[in-house]
Amino acid sequence: MSKNESMNENASTVSEIETFNIDKEKNFSEWFTEIVKRAELADMRYNVKGFVVYRAFATIAMKKMFDYYERELDKFGHEPVIFPMVIPESNFQVEKDHVEGFTPEVFWIERAGEEVLEERLALRPTSETAMYPLYSLWVRSWRDLPLKLYQSGSVFRYEGKSTRPFLRGREFIWIESHNVFKTMEEAIAQTREDMQIAYNVMTKIFGIPIIYFQRPEWDKFAGAVHTYAADTLMPDGKFLQLPSTHLLGSNFAEAFNITYTDQNGDEKIAYQTCYGPAISRIFGGMIAVHGDNNGLIFPFDVAPKQIIIIPIPKKKDIKHIEEYCIEIEKILVNEGYRVKIDLSDDRPGDKYYFWEMKGVPLRLEIGNKEVREKKITLFRRDSREKITFPFDDLVNTIAELGANLTKNLRNKAQKRFNESITDAETLDELEEKVNDKKICKIPWCSLDLDGEECAMEIKDQLAATVRGRDMREIDEDIRPKEGEKCFICGKSATCYVYVGKQY
RNA sequence: GGGUUCGUGGUCUAGUUUGGUAGGAUCUGCGCCUGGGGCGCGCAAGAUCGGGGGUUCGAAUCCCUCCGAACCCA
């Protein structure tokens with residue numbers, strides 16, 4: 001931490017007495033299950049496999065996350081809509097690749113009451129086939145374009161057996177944005193805008209480092225021309241796919257007859273993109289990336305509670321102290337912060353552990369001393385530093401430390417991500433590294449279908465996947481040197497790809 | 001996809017091998033006590049032992065089946 005980022009020269013750091021018996025780094029999977037229960041994020045006892053109940057603490061944070069995302073989409077000219085959750089089978093089957101890709105995962109409604117429905121209804125696994133028949137009606141003229149709409153809601157996919165709260169469920173909540181353009185160039189530009197939005201929100205607000213990849217041909221969205229997907233790295237060294245954006249070209253436009261009349265009166269086919277950040281999954285990634293052995297750590301802007309005030313009363317001074325706490329709370333609420341005073345009659349130490357486990361970024365400790373001296377003692381969750389400052393500095397201090405805390409989380413996470421990236425020159429070396437929580441950047445023969453065989457070999461032998469080509473390398477046209485070879489098939493390499501285990 | 005372990009008050013767990021009174025801890029509520037990093041005491045409340053079926057005089061326990069969960073490997 002640089003000097004001006006440090007909170008105070010007199011800051012003391014509270015030593016780490018770990019709450020869990022579970023080491024996050026060594027035993028991430030158990031840590032995750034435990035924190036979800038302990039912090040009351042989700043209740044897994046809802047008795048349908050792959051469906052969980054999101055509790056208040058997680059729901060508040062996810063609502064905030066939706067807010068930030070939707071605000072960003074609005075800023076870039078997208079408008080909200082709400083489509084039905086059911087899709088008639090005949091709509092669903094219009095685009096050939098799409099049907100093939102999604103059919104194994106679809107939940108079907110076949111009956112209503114005692115009656116068998118004439119046509120089955122799909123519970124949407126994604127909404128292309130719900131929205132595009134209407135798009136076909138809405139888009140008539142070049143004046144109707146671009147059409148940029150999004151909706152927030154849940155979708156249903158019949159996932160295999162390893163479902164986990166937040167990370168993989170049979171229902172998940174997300175935003176899906178569906179856009180229509182006159183030209184392929186505009187559509188491509190939209191995928192760039194999606195990536196920019198993802199970067200603004202994911203990295204700056206949620207503090208989650210991402211790399212955007214162009215997915216290989218064999219691993220793209222069913223019906224897409226190209227898929228670009230953001231991956232982050234989980235503490236156990238596995239990739240987690242976060243927002244993905246798809247260049248649909250005119251595949252769906254042709255299937256759903258989305259055409260427009262141009263300035264010359266000619267009928268033209270439209271070009272499309274779609275984009276889907278899954279908020280529930282991003283939330284899972286966020287708590288995994290930032291948490292520690294004391295529990296959660298929320299980035300300041302999305303924390304369900306941002307500031308917890310702990311009164312430390314001596315018997316005769318309860319009233320005094322409470323009044324001082326309430327005064328502080330009023331000021332902070334006025335500033336728009338989510339604040340709580342913990343007036344329960346547990347010991348202060350008990351409250352410290354509890355709210356740290358819950359991930360509250362800042363804690364104010366108010367006792368006799370603070371009231372007497374008109375001061376405030378503050379503890380920050382990320383660095384475990386404790387400082388005392390004058391009451392009059394309250395608003396400035398909170399604003400500064402809140403922003404600083406998120407930045408610090410982001411930097412730490414980015415550093416870990418960068419340190420996990422390495423390279424490999426042989427299959428054995430690759431195996432050793434991906435089994436040691438690393439991801440490898442290796443020279444690769446082809447992202448087209450002729451590279452699939454090499455990817456299958458990596459999958460079969462190492463249980464790892466080829467994530468694709470880093471978008472930054474596409475932009476800067478970074479390619480392997482003359483003579484560098486794909487070490488799976490030995491053909492000369494056309495690009496670098498990242499390989500690692502995945503969720 | 002394969003494997004392992006498992007389901008008993010709200011939560012965690014003993015009891016299952018060898019069928020016979022469901023025991024404890026914690027949480028919750030009330031009363032006291034206490035308070036600058038996980039106090040303590042007392043009282044009370046809380047379970048058709050995951051669901052269904054079977055064997056038996058008798059099932060948490062044995063058998064069948066369904067539902068659900070965790071972890072490991074692909």
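By convention in this document, chain letters (A, B, ...) are assigned in the order of the sequence lines, proteins followed by strands, and residues within each chain are numbered from 1.
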Phosphate OP1/OP2 of [N] contacted by [X] side-chain N/O (<4.0 Å):
{"X": "A:Arg384", "N": "B:G37", "result": "no"}
{"X": "A:Thr33", "N": "B:C71", "result": "yes"}
{"X": "A:Ser29", "N": "B:C71", "result": "yes"}
{"X": "A:Arg164", "N": "B:C71", "result": "yes"}

Residue [X], side-chain heavy atoms: nucleotide from [options] that is nearest:
{"X": "A:Ala463", "options": "B:G68, B:G10, B:A74", "result": "B:A74"}
{"X": "A:Arg45", "options": "B:C71, B:G37, B:G10", "result": "B:G10"}
{"X": "A:Arg347", "options": "B:G68, B:G37, B:G36", "result": "B:G36"}
{"X": "A:Pro313", "options": "B:A74, B:G68, B:G35", "result": "B:G35"}
{"X": "A:Asp350", "options": "B:G36, B:A69, B:C39", "result": "B:C39"}
{"X": "A:Lys501", "options": "B:A70, B:G36, B:A74", "result": "B:A74"}
{"X": "A:Lys49", "options": "B:G35, B:G37, B:G68", "result": "B:G68"}
{"X": "A:Tyr353", "options": "B:G37, B:A70, B:G35", "result": "B:G37"}

Within the modelled atom types, does a donor on one side and an acceptor on the other bring the side chain of [X] and the base of [N] under 3.5 Å apart?
{"X": "A:Glu370", "N": "B:G36", "answer": "yes"}
{"X": "A:Glu356", "N": "B:G38", "answer": "no"}
{"X": "A:Arg363", "N": "B:G37", "answer": "yes"}

Exercise for the section: Scan A:Asp460 against the nucleic acid and name what it touches under 4.0 Å (heavy atoms): base, sugar-phosphate only, or nothing. Expected result: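 Result for A:Asp460 = sugar-phosphate.
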Practice task
Just call it for A:Lys351: base, sugar-phosphate, or nothing, with non-hydrogen atoms closer than 4.0 Å on any strand.
Solution key: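 No contact at all - A:Lys351 keeps every heavy atom at 4.0 Å or more from the nucleic acid.
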With rounding to whole Å, what would you report as the distance between [N] and [M] at their [atom1] atoms?
{"N": "B:G40", "M": "B:C49", "atom1": "C1'", "result": "33 Å"}
{"N": "B:G54", "M": "B:A44", "atom1": "C1'", "result": "41 Å"}
{"N": "B:C67", "M": "B:G50", "atom1": "C1'", "result": "8 Å"}
{"N": "B:G38", "M": "B:C27", "atom1": "C1'", "result": "15 Å"}
{"N": "B:U34", "M": "B:C39", "atom1": "C1'", "result": "7 Å"}
{"N": "B:C64", "M": "B:A14", "atom1": "P", "result": "23 Å"}
{"N": "B:G10", "M": "B:U18", "atom1": "P", "result": "31 Å"}
{"N": "B:U17", "M": "B:C6", "atom1": "P", "result": "14 Å"}

Counting only Watson-Crick pairs (N1-N3 plus N6-O4 or O6-N4) and G-U wobbles (N1-O2, O6-N3), all under 3.5 Å, who is the partner of [N]?
{"N": "B:C39", "value": "none"}
{"N": "B:C6", "value": "B:G68"}
{"N": "B:G1", "value": "B:C73"}
{"N": "B:A59", "value": "none"}

Rounded distance (Å) that lies between atom [atom2] of [N] and atom [atom1] of [X]:
{"X": "A:Tyr46", "N": "B:C67", "atom1": "OH", "atom2": "C1'", "result": "14 Å"}
{"X": "A:Glu159", "N": "B:G1", "atom1": "CD", "atom2": "P", "result": "11 Å"}
{"X": "A:Tyr324", "N": "B:G36", "atom1": "OH", "atom2": "C1'", "result": "15 Å"}
{"X": "A:Gln502", "N": "B:A74", "atom1": "CD", "atom2": "C1'", "result": "13 Å"}
{"X": "A:Asp43", "N": "B:G68", "atom1": "CG", "atom2": "P", "result": "16 Å"}
{"X": "A:Glu34", "N": "B:A70", "atom1": "CD", "atom2": "C1'", "result": "12 Å"}
{"X": "A:Tyr503", "N": "B:A74", "atom1": "OH", "atom2": "P", "result": "15 Å"}
{"X": "A:Ile35", "N": "B:A70", "atom1": "CD1", "atom2": "P", "result": "16 Å"}

Are [X] and [Y] an aromatic pair by the rule of ring centers under 6.0 Å?
{"X": "A:Phe221", "Y": "A:His98", "answer": "yes"}
{"X": "A:Tyr324", "Y": "A:His320", "answer": "no"}
{"X": "A:Tyr228", "Y": "A:Tyr212", "answer": "no"}
{"X": "A:Phe283", "Y": "A:Phe166", "answer": "yes"}

Exercise for the section: Would you kindly compare A:Lys369 and A:Val48 by the position of their nearest RNA chain B nucleotide and give the one closer to the 5′ end? Expected result: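 That would be A:Lys369.
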Exercise for the section: Using heavy atoms to find the nearest nucleotide of RNA chain B for A:Met44 and A:Lys37 separately, return the residue whose nucleotide is more 5′. Expected result: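 The 5'-side residue here is A:Lys37.
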Exercise for the section: Can you label the angle between the A:Trp355 ring and the A:Phe57 ring as parallel, tilted or perpendicular, going by 30° and 60°? Expected result: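 Tilted: the ring planes of A:Trp355 and A:Phe57 meet at 30° to 60°.
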Exercise for the section: Assign the ring pair A:Tyr503 / A:Phe28 to parallel, tilted or perpendicular, where the plane angle (0 to 90°) is split at 30° and 60°. Expected result: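 Aromatic pair A:Tyr503/A:Phe28 classed perpendicular.
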Exercise for the section: Decide if atom OH of A:Tyr46 counts as having more than 12 heavy atoms of other residues, nucleotides or ligands within a radius under 6.0 Å. Expected result: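 No, not enclosed.
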Handout entry: A:Arg363 charged N/C atom sitting above A:Tyr352 aromatic ring, 6.0 Å / 45°
Key =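 Here A:Arg363 passes the 6.0 Å and 45° test against A:Tyr352.
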